[in-house]
Amino acid sequence: MDLGIKGRYAIVCASSQGLGRACATELARAGCVVVINGRDAEKLNAVAEELREETGAQIIAIAGDVASPETQAALMGAVPQVDILVNNNGGPPYRDFRQIDRAAMIDGVTNNMVTPIEMVQRVIDGMVARQFGRIVNITSASVKMPLSGLDLSSGARVGLTGFLAGVARSVAHANVTINFLLPGSFDTNRQLTGLAAKAQQQGVAIGVVRAESEERIPAKRFGEPSEFGAACAFLCSAQAGYITGQSLLIDGGAYPGVL
């Protein structure tokens, strides 16, 4: 399917690995010029080269913490305009809420709510003026189904969703959409880190914990990052202009509700 975004300029935050990289890959395959981002410059440059070879697309690597104004400015300055923005950032570690002090709360809200809002502020007017814009925010399945230990992540991402819900409606007339992708359990390094910690806590092999986790998912497996990237690319497509303000849950059926 031709997504109608060949030649568009896309920024994908925190995209040196995992779901962010998967989104960058699919946008590159769709013909976009893609700006990727990560804190480790050496790793990021290696990923950029891999994506160029894999997709043939123009890939621009901007290293730095996306929460910093300097990195945000560098991302914006890497391309003539921003047609597509994929907001992403690492979430806080698993932690009992009693252990979260004020500084950790502020960091969590800054990284997973304030930073993506700042990025939207930087691109939204240009998108409206050009009558095209696609903004996708990677949040978490915990927005719909809060998980103990991810309270800070859930709270910040729910705040982001609520904040941008009204913004989405205010720019829909200009063919600018704002949507949210809610990943469940995907086969990423972050998932493996969580499984390893749980296995160590229980004193069992990581394979045991993984099998138990997959068994609880109706699909009986973790998601593939490429599946997530494809969903992101569609929400960024020309054909997705009538989808806005929506939270798409991608979790293999784990969420038990109907809404």
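It should be emphasised that the depicted structure is a prediction, and the values quoted were computed from it without experimental measurement.
Cluster annotation: I138 is not connected to V114 through the hydrophobic network of ILVMFWY side chains, with a link wherever side-chain heavy atoms come within less than 4.5 Å. Linking ILVMFWY residues whenever their side-chain heavy atoms come closer than 4.5 Å, directly or via other members, leaves I124 and V136 in distinct clusters. Residues F228 and I217 do not share a hydrophobic cluster, clusters being chains of Ile/Leu/Val/Met/Phe/Trp/Tyr side chains in contact below 4.5 Å. Residues L19 and L44 share a hydrophobic cluster, clusters being chains of Ile/Leu/Val/Met/Phe/Trp/Tyr side chains in contact below 4.5 Å. Connection of V143 to L160 is established within a shared hydrophobic cluster, with ILVMFWY side chains joined at heavy-atom distances below 4.5 Å, either directly or through further cluster members.
Between G245 and N179, the shortest heavy-atom distance links the atoms N-OD1, 3.2 Å. When every heavy atom of I62 is checked against every heavy atom of A74, the shortest pair comes out as CG2-CB, 3.7 Å. Looking at every heavy atom in both residues, A48 comes nearest to A61 through CB-CB, 4.1 Å. The shortest non-hydrogen separation linking N88 to V66 is O-CG1, 4.2 Å. Between I60 and V79 the shortest heavy-atom distance is CD1-CG1, 4.0 Å. The minimum heavy-atom distance linking T188 with G18 is given by the pair CG2-CA, 4.1 Å.
Using a 4.5 Å heavy-atom threshold, the side chains of T25 and L51 count as touching. For the pair E54/R29, a side-chain contact is recorded, criterion being any heavy-atom separation below 4.5 Å from C-beta on. Between I243 and T177 the shortest side-chain heavy-atom distance does not fall below 4.5 Å. Residues V123 and M76 meet the side-chain proximity criterion, which asks for heavy atoms closer than 4.5 Å. Residues R157 and M113 have side chains not in contact (no heavy-atom distance under 4.5 Å, counting atoms from C-beta outward). R210 places a side-chain heavy atom less than 4.5 Å from the side chain of D187. Within the 4.5 Å cutoff, side-chain heavy atoms of N175 are placed close to those of R134.
Between atom OG of residue S142 and atom CG of residue L182 there is a gap of 8.0 Å, rounded to the nearest 0.5 Å. Distance CD1/I106 to CG/L152: 11.0 Å, rounded to 0.5 Å. Here the OG1-CG distance, from T244 to L235, works out to 9.5 Å after rounding to the nearest 0.5 Å. Rounding to the nearest 0.5 angstrom, the gap separating the CD1 atom in I5 from the SG atom in C32 is 3.5 Å. One finds the SG atom of C232 at 5.5 Å from the CG atom of L27 (value rounded to the nearest 0.5 Å). Residue S237 holds its OG atom at 12.5 Å from CD of E26, rounded to the nearest 0.5 Å.
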Can I get a per-line list of side-chain donor-acceptor pairs under 3.5 Å for residues 248-259, giving both atom names and the distance, sequence neighbours left out?
from	atom 1	to	atom 2	distance (Å)
D251	OD1	G253	N	3.0
D251	OD1	A254	N	3.4
D251	OD2	A254	N	3.3
D251	OD2	Y255	N	2.7
Y255	OH	L259	O	3.2

Distance-only donor-acceptor pairs under 3.5 Å for side chains of residues 192-200, two or more places apart:
from	atom 1	to	atom 2	distance (Å)
T193	OG1	N189	O	2.9

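Legend: residues meeting ring pair (Phe, Tyr, Trp, His ring centres under 6.0 Å) with Y9, ordered by chain and number and at least two apart, are absent. In this view, N87 and C13, L85, P116, M119, V120, I135, N137 satisfy the side chain to side chain contact (heavy atoms under 4.5 Å, CB included) rule, not counting sequence neighbours.
A donor-acceptor contact shorter than 3.5 Å is absent between the side chain of D107 and the backbone of M105. Put simply, the side chain of Q239 gets close to the backbone of D2: a donor and an acceptor are under 3.5 Å apart.
In summary, of the residues considered (V12, I84, I11, T55), a side chain to side chain contact (heavy atoms under 4.5 Å, CB included) with V34 occurs for V12 alone.
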What's the verdict on side chain to side chain contact (heavy atoms under 4.5 Å, CB included) for M127 and V82, showing C-alpha distance, side-chain angles and the deciding distance? CA-CA 7 Å; M127 289 178 170; V82 181; 4.3 Å; yes
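Pairs passing the ring-ring contact (aromatic ring centres under 6.0 Å, His included) check and including a residue from residues 120-173, sequence neighbours excluded, do not occur. The list of salt bridge (charged side-chain N to carboxylate O under 4.0 Å, His left out) pairs with a residue in residues 81-97, not counting sequence neighbours, reads R8-D83, D83-R130, D96-R98.
With a 6.0 Å radius and a threshold of 12 heavy atoms from other residues, nucleotides or ligands, R169 has its CZ atom above the threshold. Within a 6.0 Å sphere centred on CD of Q131, heavy atoms belonging to other residues, nucleotides or ligands number more than 12. Heavy-atom contacts from other residues, nucleotides or ligands closer than 6.0 Å to NZ of K6 number 12 or fewer. Sparse packing is recorded around CD of Q58, with 12 or fewer heavy atoms of other residues, nucleotides or ligands lying under 6.0 Å away.
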